Amino acid sequence: MAEFVRRAEYKKVAQPKLSEDLIPVVLTDKTMEEHRQKVLKRMEEREMDALLLYADREHGDNFQYLTGFSPRFEEAGLVLHRTGEAFLLLGNESLRMERYSRVKARAIHVPYFSLPNQPMETEHTMKELLELAGLHQGMKTGIAGWKMFTSRREDNRQLYDVPYFFVEAVKQAVGDENTVSAGELFIHPETGARILVNANEIAHYEFGAALASSCVGKAMNEIRPGRTEMEIAQYLAAFGQQTNVQTICASGERFTNAIVEPRNKKIVKGEKLSITMGFPGGLTSRSGYVAAEKEELEGEAKDYMELAVKPYFSAAAAWYETIGLGVTGGEIFEAVDRIFPKAVYGWALNPGHFVSSEEWMSSPIEKGSLIKIKSGMMLQMDIIPQAPGRSGSSAEDGIAVADESLRKELQAQYPQVWERIKRRRAYMEGELGIRLKEEVLPLSDMTGYLRPYLLKQDWAMSMTDEKDQKKSYMTEGT
């Protein structure tokens, strides 16, 4: 049989169709009850009498998984008992959320969670407030913030990512020896309650992923030399929705004067430019050069296509083509590292991770990982090259993995979402040459789309098969 190689090619490519008229999908009562039962089951398995969740503005996703909301001004807590009884611990401005909580719970006013210098009218210590929520000596109690420490070291069971005053009060209420770190109950990449989602959740999160990609796609087409980062960044917002990462629109040298937000800095031809934004459910990130042709670049940047873009795009394509049901995280890691070696390109983080209401939940993708990809997982392709002269290329987006049963459920219950997913799959194969397994569902309109020269809007990267034995950025096949 003839020998073929897969090559990354820069050519004329139609831009992806950006979604319009997106409508949010609310998580159903059935889904929220599934969340509660998943958590209670894991508490039972760990013989845990009570679970305490801590949340603040940046770290409220595990809390939100049960309550449906995240505190936006202050801190909050939830005490969930093994029996199913629950108590909300709420500050001054969140107290009203008791009536809206998706988990049935009685509110306890905890002014210690309020903003600085607000009224602190309580006769109770923090320990006593926890006792009002049913905690007492001898109860095995888990504390969950937003991280997990015990997946790496068993002796991290007493390492907590929540405020000291909260941990101290819990230990006083139940006993130091009965208190353990419990973040892995939610986000462990193999056993966490949150790593598998249903059709309702895929549709719910597809709204955010599609919206983020639509914003980034529109912003990319507005890039012009002489415009400012802030002028382009005005496209990186929509409908007042809450972003889940820092919005980025940065041209040339980043972080001048320690500023991470878009600046009043003019975009200059020949400079690098990065754009990133994310909503719950998905992040879209792109970087490239403000140019239309190689000749508009200077110095080592002229080798950008060969040194950075083609190997990066080949690795991204391999990621999308490798992932699927039963594939291990280690196999995905190796598929990327074989084409885009970590030792050469300097990427330090996992080349992919779970995405949910937060941009990075946890990751099953690392060297040697035996964790298998399952139906109901949502993941983001995320490879960040950092080696000098070999960086400057980025195309991050998210996908869901769904077996036949879950796909049929999604199609039946959310036909508009399903049509958008079908359109994205057809685009990736027809225009970008990326062949997805049937269980891989792109949640972003921009999935796989990489435009290295940002000003040349009708050209982008695509994969092609060639009868050639020359060096390829992909593995050979027959």
Side-chain angles (χ1 to χ4, degrees), residues 24-40 42-43 51-80 84 86-91 93-108 110 113 133 142-148 161-163 166 182-188 192-198 200-209 211-212 240-245 278-283 353-362 376-378 380 398 443:
V25 174
V26 177
L27 295 177
T28 65
D29 290 342
K30 180 181 178 182
T31 291
M32 297 305 294
E33 177 60 18
E34 285 179 10
H35 290 181
R36 192 177 77 97
Q37 291 300 329
K38 283 182 179 183
V39 174
L40 289 173
R42 284 157 178 77
M43 291 175 63
L51 176 67
L52 274 73
L53 281 76
Y54 170 83
D56 60 27
R57 189 180 186 279
E58 294 294 331
H59 309 117
D61 299 279
N62 291 333
F63 176 91
Q64 183 175 338
Y65 184 72
L66 291 172
T67 66
F69 71 96
S70 182
R72 286 300 167 196
F73 301 105
E74 45 192 20
E75 300 164 286
L78 176 71
V79 179
L80 180 64
F87 297 85
L88 284 164
L89 310 176
L90 302 174
E93 296 190 75
S94 292
L95 199 57
R96 66 185 183 277
M97 294 303 295
E98 174 188 17
R99 75 186 77 140
Y100 304 111
S101 174
R102 302 297 297 275
V103 66
K104 185 177 180 181
R106 182 164 68 87
I108 295 175
V110 182
F113 283 157
I143 299 178
W146 67 287
K147 293 185 179 181
M148 60 175 180
D161 59 325
V162 302
F166 187 70
E184 79 280 355
L185 187 150
F186 289 89
I187 65 170
H188 188 282
R194 296 179 56 205
I195 65 169
L196 300 181
V197 299
N198 61 24
N200 174 229
E201 289 170 290
I202 291 175
H204 172 75
Y205 287 123
E206 188 266 352
F207 169 78
L211 190 58
Q241 298 299 300
Q242 178 69 42
T243 57
N244 62 2
V245 295
F279 293 116
L283 169 141
H353 52 84
F354 290 128
V355 64
S356 184
S357 51
E358 68 268 61
E359 189 264 342
W360 183 304
M361 184 168 71
S362 60
M377 288 182 170
M378 296 197 317
Q380 179 179 313
L443 301 181

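Note that this is a predicted model, so its numbers are computed, not measured.
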Student: Only counting residues at least two apart or in another chain, list the ones meeting salt bridge (charged side-chain N to carboxylate O under 4.0 Å, His left out) with Glu359.
Tutor: none

Student: Among residues at least two apart in sequence or on other chains, which ones pass ring-ring contact (aromatic ring centres under 6.0 Å, His included) with His204?
Tutor: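 Per chain and number, His204 pairs via ring-ring contact (aromatic ring centres under 6.0 Å, His included) with no residue.
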
Student: Got a sec, which residues hit side-chain contact (heavy atoms from CB on, under 4.5 Å) with Ala133, two or more places apart in sequence or on another chain?
Tutor: Val79, Phe87, Leu89, Ile108

Student: Decide whether Arg194 and Ser356 meet the rule of one side-chain donor and one side-chain acceptor closer than 3.5 Å.
Tutor: yes

Student: Is Asp61 close to Ile187 at the side-chain level, that is, under 4.5 Å between some pair of heavy atoms?
Tutor: no

Student: With sequence neighbours excluded, what pairs up with Tyr205 under the ring-ring contact (aromatic ring centres under 6.0 Å, His included) test?
Tutor: none

Student: Taking salt bridge (Lys or Arg N to Asp or Glu O under 4.0 Å) as the cut-off, I'd like each qualifying pair that reaches into residues 24-37, sequence neighbours left out, listed once.
Tutor: Asp29-Arg102, Glu33-Arg36

Student: Under a 3.5 Å threshold, yes or no: a donor from one side chain and an acceptor from the other, between Glu201 and His35?
Tutor: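 Distance-only check passes for Glu201 and His35.
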
Student: For Ser357 and Asn244, test the side chains for any donor-to-acceptor distance below 3.5 angstrom and give the result as yes or no.
Tutor: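 The answer is no; no qualifying pair exists.
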
Student: Taking it one step at a time, do Leu211 and Gln241 satisfy side chain to side chain contact (heavy atoms under 4.5 Å, CB included)?
Tutor: CA-CA 10 Å; Leu211 190 58; Gln241 298 299 300; 4.0 Å; yes

Student: For Ala193, what residues pass the side-chain contact (heavy atoms from CB on, under 4.5 Å) criterion, not counting sequence neighbours?
Tutor: Lys38, Val39, Arg42, Tyr65

Student: Classify the angle between the aromatic ring planes of Tyr54 and Phe113 as parallel (below 30°), tilted (30 to 60°) or perpendicular (above 60°).
Tutor: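 The rings of Tyr54 and Phe113 stand perpendicular, inter-plane angle above 60°.
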
